[in-house]
Structure formats: structure tokens, C-alpha cells
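Inspection log for the structure reproduced underneath, given as C-alpha cells.
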Amino acid sequence: MSEQVRDVKLRSLRPTDEEAMSRYLAGLSEQTRRRFGPHAFDAATVRRLCASSVDGWLTYVAVDAADRIAAYAVVCRGCLPHEEPRFCGYGIRPQFETDYTLAPSVADAWQSRGLGDRLLRYVIDELRARDGRRVFLWGGVQAENVRARRFYQKHGFRHLGDFEHHGTNHDMVLLLNDRLMQQPDWLAHLIIYEVNPYAYTSRTRGAEERPESGTLAQLTERLPYISSTGVTAIWLAGFSEASDHHFKGITVVYACVRPDRIDPRLGTRAELQQLVRRAHELGLKVLLEVVTHGVVRDSSLTSSHPEWFAGGSWGMADYDYQHPGFREWWIQTWYDYAVGLDVDGFRLDGPNGVQTDGDVLQIWDEIVERCGRAGKAIVVMPENRAYHFQQGLQDTLYTRDPLAEFSDFPRFRCKAISNHDCNIDEPTGVSPYRLHGSRYVLAYEYLFAFNIPLLMAGEEFAAEYRPLPACRTGLFGDGQPCSWLYASWLDWRQLQSNPHAGFLEDFRRLTAVRHQNRDVVHYDRLRARACRVAVTTDRPEMPRPYLRYQQGGDAVLVVGNDREDAPLHVTLHLPLDTIWPSSPAEWRVTDLWSGESSLMSARQLQQWSIVVGPDRQSGGGVRLFRMSPRPIEHSRAPSAAGATETH
């Protein structure tokens with residue numbers, strides 16, 4: 001931030017500002033006017049604003065040393081009447097007493113200098129001092145206005161949904177609780193590992209197999225193994241009391257009986273608390289499953305509180321999110337897990353029941369805020385809608401060009417390697433796993449790209465799929481044997497042989513390399529920098545190499561080979577001017593698989609031939625290099641060996 005910006009004074013608009021305000025509005029360019037339109041740009045409006053005669057409006061200005069207005073923000077209580085139906089559609093009912101709608105603008109000459117940041121922080125502090133709860137963007141932000149989108153995301157605004165008005169616009173909201181201003185830093189390095197605890201640690205005793213016998217205590221014993229794989233969070237898809245007959249013929253968290261009670265077959269509340277505590281000791285976050293729509297009809301809740309339910313779906317009784325008694329119980333239930341057991345967040349199943357998505361999600365604002373006031377910041381990951389981020393569904397497994405789908409909006413996005421709903425109604429015979437030992441898919445498409453990776457337990461060692469014996473197709477499990485991924489019964493004996501042990505070793509190596517380079521490789525799309533690398537090759541359909549980089553700093557090069565039958569020979573032409581505008585004389589290039597390092601010149605990097613081994617073989621599928629620029633005064637003659645490397 002420049003000295004000029006620091007010297008600007010921030011204050012409320014005054015009656016004496018009428019002339020300065022008129023000059024400010026008249027001086028805005030046509031483009032800036034189009035993106036700031038909360039009122040008419042005429043003298044009558046200026047007089048009303050400066051006289052504070054617009055009921056429910058607050059106005060703030062940034063004034064430079066010459067007493068000229070350099071930036072301006074108008075705020076109204078609640079929201080505009082014509083925008084309220086949109087917010088109600090998101091499950092948000094704006095409140096005149098605690099909610100505000102904001103429209104800031106910055107004079108063209110002051111844009112991109114940090115003044116907008118200063119003004120927004122000032123206004124937010126003013127609204128917080130008035131006990132404000134939420135701030136909406138006035139008219140949203142235009143999808144094409146990339147700079148504005150990045151600005152609001154940086155300040156903690158969350159995407160609510162889209163509407164059409166002269167193009168696509170994003171509705172965004174900021175919760176004013178201090179703890180909610182920024183999404184947790186650990187989201188940038190999140191790798192999610194989903195566990196069905198009933199099947200994850202089911203034991204085999206001699207000739208007697210015991211499917212669905214896993215417990216929380218046994219899972220706690222497995223946490224050091226999970227941590228060793230390099231994943232950073234567990235999605236615990238089972239912990240609360242559940243039916244063993246309602247869904248697919250097996251015990252499933254989605255056949256919820258009581259979300260406020262631990263399933264006694266899995267253990268006790270104390271054992272869940274011990275699991276969370278041990279996970280945190282190992283650097284793992286814990287996300288609990290939330291069945292948002294309801295409970296099985298024979299739940300004790302339906303008899304003790306019939307007024308909490310309205311309608312049904314999936315053969316279950318659905319909650320009535322408008323009932324105040326239900327709402328308070330629901331908020332307290334998840335508050336107790338977050339604050340009482342130190343759980344880090346929640347994955348929301350759906351929303352997929354009778355209630356609207358907006359009603360189901362809005363209550364999480366209250367849960368997040370209540371946890372925040374208690375000093376516990378949590379993350380919410382819905383299945384079907386965005387909150388802190390949205391769970392990846394059955395995405396295309398790979399694209400051969402991750403940059404083709406890259407956008408800095410939303411700030412965090414999850415992409416599933418495997419989704420537990422894979423093959424949910426498919427007969428046995430086809431594995432629902434998708435990674436199948438591919439180093440290429442794991443590293444090139446997921447670990448080193450831009451989206452939070454999500455995988456199902458077993459992917460890390462290329463498990464051969466084995467279903468729980470009782471799992472059947474049909475809602476109530478009255479069909480034929482089923483190959484549903486959630487019902488995967490892990491056979492840990494597979495780790496005693498290749499290729500399973502070999503893939504687990506490479507899985508660990510790749511996640512370790514990713515974490516060792518987290519200054520460059522992360523999943524905060526707002527801060528991400530990347531570019532494609534031009535190549536010369538006899539395989540035009542090859543995956544496109546890319547660079548993750550810091551402007552003027554280090555970079556990580558990712559080159560993938562999706563072929564299993566042949567190595568990839570390729571000559572790279574690195575775009576050095578893109579990353580290093582004042583290109584240094586040479587670079588330190590480190591092979592992140594082998595650790596070998598050499599010095600290379602610009603000429604060598606623009607004609608650099610490498611070989612990438614075949615996929616699904618140890619050490620194949622991908623090559624990863626770290627590139628560090630070296631100033632000319634510290635350089636020495638480049639190594640001849642650096643011009644060409646093989647693998």
C-alpha cells in the first residue's frame with residue numbers, strides 16, 4: 001500500500017461533501033459506473049445522501065489530502081425489496097436490524113492501489129460495531145468482473161448463487177463474526193480421505209469373517225497409517241446411531257436413527273473424542289457426516305417430537321426446518337460435536353429431501369456463527385451446493401489439461417477421485433474404484449493441480465474391490481448383490497503383495513513431495529498461478545505439461561504420461577518470460593522424485609528433453625521438477641548433464 005493510500009482519511013459522508021460528491025460521481029468512467037449503480041447519478045440524489053435523508057442508508061467516503069473524494073461506499077439496512085426473493089431462495093431471510101447491503105466504488109485513478117481494501121475493512125468494522133450480522137453485495141458481482149470477484153473472495157465473501165441481469169451475476173455474502181472472515185488456511189492443503197468405519201477395520205478371525213464389525217477404537221489404531229499416506233483430513237462417514245436394515249441391506253450412516261447419539265456398535269462418545277484427539281496429534285482434521293433431510297421412521301425422535309417432521313423422502317421422515325424447537329436442537333447437536341469434541345467440520349449429505357436447499361443450508365450460518373463465538377472455526381462441505389466449498393461428485397476422472405477448467409471462482413473447489421456413490425445400484429463384477437494405481441491421475445490431475453482431492457479409503461493402495469456380503473441393490477437392499485463403493489470391505493492382506501504395496505509407497509512419496517512444495521502447490525485458487533508448457537512430441541494427444549509458480553520465484557513443473565504401454569519422450573519449451581520477466585542466467589532444477597539437482601541455462605530450458613515412464617509402474621506416470629532462479633552474480637557454468645534427463 002502506497003503512502004498516498006495510507007494518508008487517505010476514511011469517514012462518514014457529511015452535508016458539506018455535496019460538491020465533492022458530485023465531482024466524484026461525475027468523474028467515474030462509464031465502465032466504473034456500470035459496475036456501481038445503487039442510485040441515480042444526479043444532483044438530487046447527492047443532496048439527499050449528504051443530508052442523510054435516505055432512510056436506512058449509511059454512506060462512507062475516502063478523502064485524499066486535497067479533500068477530494070477518492071472512494072465511496074453506500075450501505076443500506078436489510079436488503080433491497082427486489083433482491084429479497086433471491087436471498088429467500090438461498091434460505092436466507094434478510095433482517096433489517098442486523099443485515100446490510102453494500103455497494104463500494106473507487107475512483108478510476110485510485111483503483112488497484114489498495115484503497116478499496118482500506119475502505120472495505122473500514123466499513124466492515126463500522127457495521128460490526130453496529131452489531132451487524134451479514135453483509136450482502138448490492139446487485140451481486142458481475143461474473144465477467146474477475147478483479148472484483150477476487151477482491152470479495154479475498155475479504156471472506158461467500159458465493160450464494162447466480163442470477164441473470166445483463167449477463168451472469170454472483171450473489172455473495174459476508175458473515176461479520178470475526179472468526180468467519182477468512183476460510184481456514186488449512187483448506188489450501190486439504191486432501192480428504194473418506195472412511196466407512198463399519199467396514200474399514202472389519203476383522204477376519206481365522207476362518208470366521210466378521211463384516212461390518214469395525215469400531216471407532218480400531219479406527220483410532222489405524223490413524224498413524226492414515227497419516228502416513230499424506231492425506232490431511234478424514235471424512236468419517238459413520239459415527240451416529242444408524243439402522244442396519246433400511247439402506248442397501250447394511251448398516252449405513254444415511255439410514256440415520258439419531259444424529260445426536262453415537263452408534264453403540266461403533267463405540268462411545270468418549271471413544272469418538274479420543275479418535276478426534278489422536279487425529280489432531282497426527283495433523284489430521286476430522287469431518288463428520290450430517291444427514292440433512294431426516295431420520296428413519298422408527299427413530300425415537302419421530303415419536304418424542306412428531307412436530308419436528310413434515311413429509312418424507314428415501315422412506316424416511318424429513319425434518320421441518322421452520323420449526324423453532326427443531327432448529328434449536330439441530331444447532332445444539334452440531335455445536336456440541338464441534339465445540340465439545342473439537343471436530344473440524346461437517347460434510348452435509350444432500351440437501352436432497354423435502355426441504356429446499358436454501359432452508360437446509362441457511363441454518364449452518366447459525367451453527368458456524370455460534371461455534372465461532374465459542375472460539376471454534378469449522379468448515380462445511382455440502383454434497384450438492386457450495387458453502388466453504390462443495391464436495392466433488394462424479395467428476396470426469398481426468399482431462400489431460402487441468403488448466404482448461406481452472407477458474408479462481410470459487411476460491412476452493414473439491415474434485416473427487418472416487419465418490420462413495422459409485423455403482424450404488426450396479427450388480428457386482430465391476431470395481432467402483434477409479435484410481436487403480438495410476439500415478440498419472442493421482443499426481444498430474446489431483447495432487448499438483450488446483451482442486452481439493454477427495455478419495456475413498458482403499459484408493460491409496462489400489463485395493464481390489466470386495467463388497468460387504470449383505471449389500472444389495474434397491475433402497476431397502478431387496479435386490480441382487482451390489483458393488484456400491486461405500487460398501488467396500490477392505491482386505492488389508494492385499495498390502496502384503498505387489499502391486500498394492502508398491503502403489504502405496506508411490507502414493508506416500510507423491511503426497512510427501514506435494515507437501516514439501518506447498519509454498520508453490522496449494523488449492524487456494526485465488527492465489528494460484530499456473531501456465532501451460534509448449535512441447536515438441538510425436539504424441540499430440542499427450543497430457544499438457546504445466547507449471548505452478550510464484551511470480552519471479554520458484555516453480556514446480558508437472559509432466560504426465562497417461563499411457564501404460566510406453567514411456568513418453570517430450571521436449572519442453574518453458575515460458576520463462578511468463579514467470580521471470582527479468583530472466584536470470586540459470587536455474588537450479590531438482591527432480592522431485594529422485595532428489596537429483598543440476599544447474600540449467602535458459603537455452604537448455606527452452607529445448608529440454610525428458611522421458612516419463614509408463615503409468616501404473618513404480619516411479620512412472622509423472623515427473624515433477626522444482627525450478628529455482630539463480631541471480632547471475634551467483635551462477636556458475638551450467639552442467640552439461642542438465643540438458644537432458646531420463647527416467
Side-chain angles (χ1 to χ4, degrees), residues 58 73 75-80 83-84 86-104 117 119-141 148-161 170-187 290 321 327-328 330-332 334-335 338-339 343-346 348 351 357-382 385-390 409-412 524 526:
L58 306 168
V75 179
C76 75
R77 283 188 173 277
C79 78
L80 303 182
E83 293 192 328
E84 186 168 358
R86 287 205 315 274
F87 292 116
C88 289
Y90 306 135
I92 293 175
R93 290 164 181 80
Q95 304 297 315
F96 184 82
E97 295 79 12
T98 57
D99 292 342
Y100 295 89
T101 299
L102 164 72
D117 292 272
L119 177 62
L120 182 59
R121 286 195 295 268
Y122 176 81
V123 173
I124 287 171
D125 287 343
E126 288 286 308
L127 300 182
R128 189 180 289 118
R130 294 171 176 268
D131 295 324
R133 179 167 175 256
R134 292 180 296 215
V135 178
F136 305 110
L137 286 187
W138 197 312
V141 60
R149 284 188 349 215
R150 293 173 66 90
F151 174 79
Y152 291 118
Q153 286 190 105
K154 182 179 70 173
H155 284 278
F157 279 81
R158 176 166 60 84
H159 180 219
L160 288 172
H170 304 305
D171 276 319
M172 302 185 78
V173 64
L174 172 70
L175 303 182
L176 288 176
N177 183 306
D178 283 345
R179 299 258 173 192
L180 308 175
M181 285 289 290
Q182 296 291 337
Q183 289 154 311
D185 291 341
W186 50 265
L187 284 183
V290 180
Y321 275 83
R327 291 178 67 86
E328 184 53 40
W330 186 254
I331 293 169
Q332 189 64 42
W334 305 110
Y335 174 90
V339 176
V343 167
D344 302 291
F346 302 94
L348 311 187
D357 290 3
D359 287 332
V360 172
L361 290 182
Q362 184 275 334
I363 198 170
W364 284 90
D365 287 354
E366 299 180 50
I367 296 168
V368 169
E369 284 191 276
R370 190 174 295 189
C371 292
R373 287 194 296 270
K376 177 65 180 180
I378 61 171
V379 162
V380 178
M381 176 183 75
R385 290 280 295 273
Y387 197 93
H388 288 106
F389 62 93
Q390 179 181 345
F409 190 87
R411 183 171 186 175
F412 293 99
D524 184 345
L526 187 61

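These numbers come from the heavy atoms of this one structure, side chains and all, not from hydrogens, waters or symmetry mates.
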Residue pair [X] / [Y]: nearest heavy atoms and the distance that separates them:
X      : Y      : value
Met172 : Phe409 : CE-CE1, 3.9 Å
Gly345 : Ile378 : CA-CB, 4.3 Å
Thr101 : Trp138 : CG2-CA, 3.5 Å
Glu83  : Gly140 : OE2-N, 4.5 Å
Val123 : Leu102 : CG1-CD1, 4.2 Å
Phe389 : Leu187 : CE2-CD2, 3.5 Å

Starting at [atom1] of [X], measure out to [atom2] of [Y] and round the result to the nearest 0.5 Å.
X      : Y      : atom1 : atom2 : result
His170 : Tyr152 : NE2   : OH    : 13.0 Å
Gln153 : Phe412 : CD    : CZ    : 9.0 Å
Ile331 : Glu369 : CD1   : CD    : 10.0 Å
Trp330 : Glu366 : CH2   : CD    : 13.5 Å
Ile92  : Arg86  : CD1   : CZ    : 11.5 Å
Gln362 : Tyr90  : CD    : OH    : 14.5 Å

Could Asp359 and Arg93 be called an ion pair, given the rule that one side-chain N must be under 4.0 Å from one carboxylate O?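 The answer is yes: the pair qualifies as a salt bridge.
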Taking NZ, NE, NH1 and NH2 as the nitrogens, is one of them in Arg133 or Asp365 under 4.0 Å from a carboxylate oxygen of the other?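 Not counted as a salt bridge, because no side-chain N and carboxylate O are separated by less than 4.0 Å.
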Please check this pair: side chain of [X] against backbone of [Y], looking for a donor-acceptor N/O pair closer than 3.5 Å.
X      : Y      : result
Arg411 : Asp524 : no
Arg128 : Leu176 : yes
Arg150 : Leu526 : yes

Looking only at the aromatic ring of each residue, does the gap between the centers of Trp334 and Phe346 stay below 6.0 angstrom?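 Yes, the ring centres sit under 6.0 Å apart.
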Could you tell me if the side chain of [Y] sits less than 4.5 Å from the side chain of [X], heavy atoms only?
X      : Y      : result
Asp117 : Lys154 : yes
Pro351 : Leu361 : yes
Asp171 : Phe136 : no
Leu174 : His155 : no
Lys376 : Asp344 : yes
Phe151 : Leu120 : yes
Arg385 : Val360 : no
Val380 : Val290 : no

Would you check, one step at a time, whether the test side chain to side chain contact (heavy atoms under 4.5 Å, CB included) holds for Val75 with Val135? CA-CA 9 Å; Val75 179; Val135 178; over 6 Å; no
Take Leu348 and Tyr387 through the test side chain to side chain contact (heavy atoms under 4.5 Å, CB included) and record every step on the way to the result. CA-CA 10 Å; Leu348 311 187; Tyr387 197 93; over 6 Å; no
What I want to check is whether the side chains of Tyr100 and Arg134 have a donor and an acceptor closer together than 3.5 Å.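 Distance-only check fails for Tyr100 and Arg134.
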